[in-house]
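Counting starts at 1 for both ligands and their atoms, in listed order. Note that the structure is a prediction, hence the values are computed from the model and not measured.
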Amino acid sequence: MAEAPRADLLVLFGGTGDLARRMLLPSLYYLDADGFLPEGFRIVATARAELSRETFLDRVRRDLEARPEGLEAAVWTRFGSRLDYVSADATTAQGLASLGPHLDGAQRPIFYLALSPSLYGRVCVALAAAGFATDDSRIVLEKPIGRDLETSRAINVAVGAVFDEERIFRIDHYLGKETVQNLIALRFANTLFEPLWNNLTIDHVQLTVAETEGVGDRWPYYDEYGALRDMLQNHMLQLLCLVAMEPPSDMEPDSVRNEKVKVLRSLRPYTRAEAASSSVRGQYAAGVAAGASAQAYEAERGQASDTETFVALRVDIDNWRWAGVPFFLRTGKRLPERRTQIAIQFKGVPHSIFDGPAREDLVANRLVIDLQPDEDIELLLMNKAPGITAGGMRLQSLPLSLSLLRTYEGPGARRRIAYERLLLDAICGNSTLFVRRDEVEAAWRWIDGVADAWREAGMAPKPYAAGSWGPAGAFALIERSGRAWYD
Ligand code: BG6
């Protein structure tokens, strides 16, 4: 891959917000600690709040000190000297004037919009009018890019009027997660799996993104989106694409993204008739989650709502490789445990040579990729159970484990924040792990079809007790096809 020139300045809009404080500034600090920030690289955080540089730096330092890794004095001295704060209104050229002196001398600035997507268009216009959106600048956008196809197009058009597509970096932080990238390595750096990765050998695929937390005070955003738009449209469809895509010819951004788009375009559209049999919407009621009593979503929201906090779907991919292999996706808030997992269920052996008890022991192989809370990859294989028994041999299923946990043990080892990888890639101008415009729009087109089918079928979310695995319908959804969730 031809190396793009590295950025020399990052302007962080929304610099006092939650994302900046919890994820972005710590990620930049760790990149600095590991020597990844280019010499002379500067970071200018900006927001409307009038804060002095000292007050801002003090906040950042305290946030870093509160993290389990603590703060290293020498790294902080270097990082602090790169960091500045300026109060600005990003929506007008006039409001951006205070940034001017900080951009002086910067050849390749990155503008990171950790802001409400409703502002993206206006901020881009203001950046252009202020003369900051030069040909060598880049822009990073957080999800959600719109609430449906129409609104996402409007954002893409507004941003695209100022920045060319190759200078737009749309973040899906799941693509920065270690195990998600490992999926690419697992599939394409081994000869073992690819010949088996199709409908001849795979029975079905399960994707689960379960969270124990509720929506809490994020409801003003969440109530407008719900689980379908907040998690399915982006993170889960991205995971699905990486599992289902054809091998790209190389790791060039467009090679990978072309393959992902083909998957999105092959998703079978939902119809009103299928809505009830192939999908489930749920909303958490009061219950017990993570050992504590939890309020209902509507109590947090303060009024009745028909937003789903849980969704389970059967997804079919209409192409040669995946014909007849259902993908079952589910995600929800206030579920019994935090778990992000991809399970590839292989078919059983075509003929069993075993009889007696061993015949009963025989189960099909499964590849389980755990992303959270612990990262691990396990291949469940059949073995002979040790020892002798009167009725002949017994079999057992045992995991062949990559034990990725060990990678994080030992001095200096730590789990990286997904944003570290993505920020570094944005700085280096590598957009392989960022989402291209046609991908976002293809994902929305399919999601809009699901939302339309729900509306036409009058499907309201079914209540489920906080701390349970969602409404009963979620079990029926998969059991109808003779399979079950791996709980
Ligand atoms: C965000 C969603 O994109 O991802 C949140 O808006 C969700 O609702 C979060 O909680 C999950 O991310 P992670 O990395 O904690 O799995």
Problem - Distance-minimising heavy-atom pair for A210 and E337 - result: CB-O, 3.3 Å

Exercise for the section: State whether D448 and R455 are salt-bridged, where the test is any N-O pair (Lys NZ or Arg NE/NH1/NH2 against Asp/Glu carboxylate O) under 4.0 Å. Expected result: no

Problem - Pairing of D438 and R257 as salt bridge, 4.0 angstrom limit - result: no

Practice task
Could you tell me whether Y222 approaches ligand 1 through its side chain, its backbone, both or neither, with non-hydrogen atoms closer than 4.0 Å?
Solution key: neither

Handout entry: Winner among R218, R338, M231 once heavy atoms are compared against atom 15 (O) of ligand 1
Key = R338

Problem - Side-chain donor/acceptor of S468 to backbone N/O of Y464, under 3.5 Å - result: no

Exercise for the section: Pick one of side chain, backbone, both or neither for how R229 approaches ligand 1, counting any non-hydrogen atom pair under 4.0 Å. Expected result: neither

Exercise for the section: Carefully, step by step, assess N182 and K177 under the rule side chain to side chain contact (heavy atoms under 4.5 Å, CB included). Expected result: CA-CA 9 Å; N182 209 352; K177 289 185 191 273; over 6 Å; no

Handout entry: Heavy-atom gap E213 to ligand 1 smaller than 4.0 Å
Key = no

Problem - Closest candidate by heavy atom, reference atom 11 (C) of ligand 1, pool E142, M23, E211 - result: E211

Practice task
Quickly, which of Q238, K143, H235 forms a side-chain contact (heavy atoms from CB on, under 4.5 Å) with Y174? Name it, please.
Solution key: H235

Handout entry: Atom indices of ligand 1, in the order listed, that fall short of 4.0 Å to a heavy atom of Q372
Key = 13 (P), 14 (O), 16 (O)

Practice task
Just let me know how H235 lines up against ligand 1, side chain, backbone, both or neither, with a heavy-atom cut-off below 4.0 Å.
Solution key: side chain

Completion exercise
If we number the atoms of ligand 1 from 1 as shown, the ones under 4.0 Å from a heavy atom of K143 are 1 (C), 2 (C), 3 (O), 6 (O)

Practice task
Assess D230 for proximity to ligand 1: is some non-hydrogen atom of it under 4.0 Å away?
Solution key: yes

Exercise for the section: May I ask you to list the atoms of ligand 1 that are less than 4.0 angstrom from any heavy atom of K333? Expected result: 5 (C), 7 (C), 8 (O), 10 (O)

Practice task
May I ask you to decide if L186's main-chain N or O and N190's side chain share a donor-acceptor pair within less than 3.5 Å?
Solution key: yes

Exercise for the section: Give the C-alpha distance, both sets of side-chain angles, the deciding distance and a yes or no for side chain to side chain contact (heavy atoms under 4.5 Å, CB included) between E142 and Y112. Expected result: CA-CA 8 Å; E142 271 293 331; Y112 195 123; 2.6 Å; yes

Practice task
Could you list the atoms of ligand 1 found under 4.0 angstrom from a heavy atom of K177?
Solution key: 13 (P), 14 (O), 16 (O)

Exercise for the section: Kindly indicate, with the supporting measurements, whether the criterion salt bridge (Lys or Arg N to Asp or Glu O under 4.0 Å) is fulfilled by R67 and D63. Expected result: CA-CA 7 Å; R67 299 183 68 90; D63 286 344; over 6 Å; no

Practice task
Give the atoms of ligand 1, by number and element, whose distance to some non-hydrogen atom of H173 is under 4.0 Å.
Solution key: 3 (O), 4 (O), 12 (O), 13 (P), 14 (O)

Practice task
Identify, for atom 16 (O) of ligand 1, the protein heavy atom at the shortest distance, and state residue, atom and that distance.
Solution key: Y174 OH, 2.5 Å

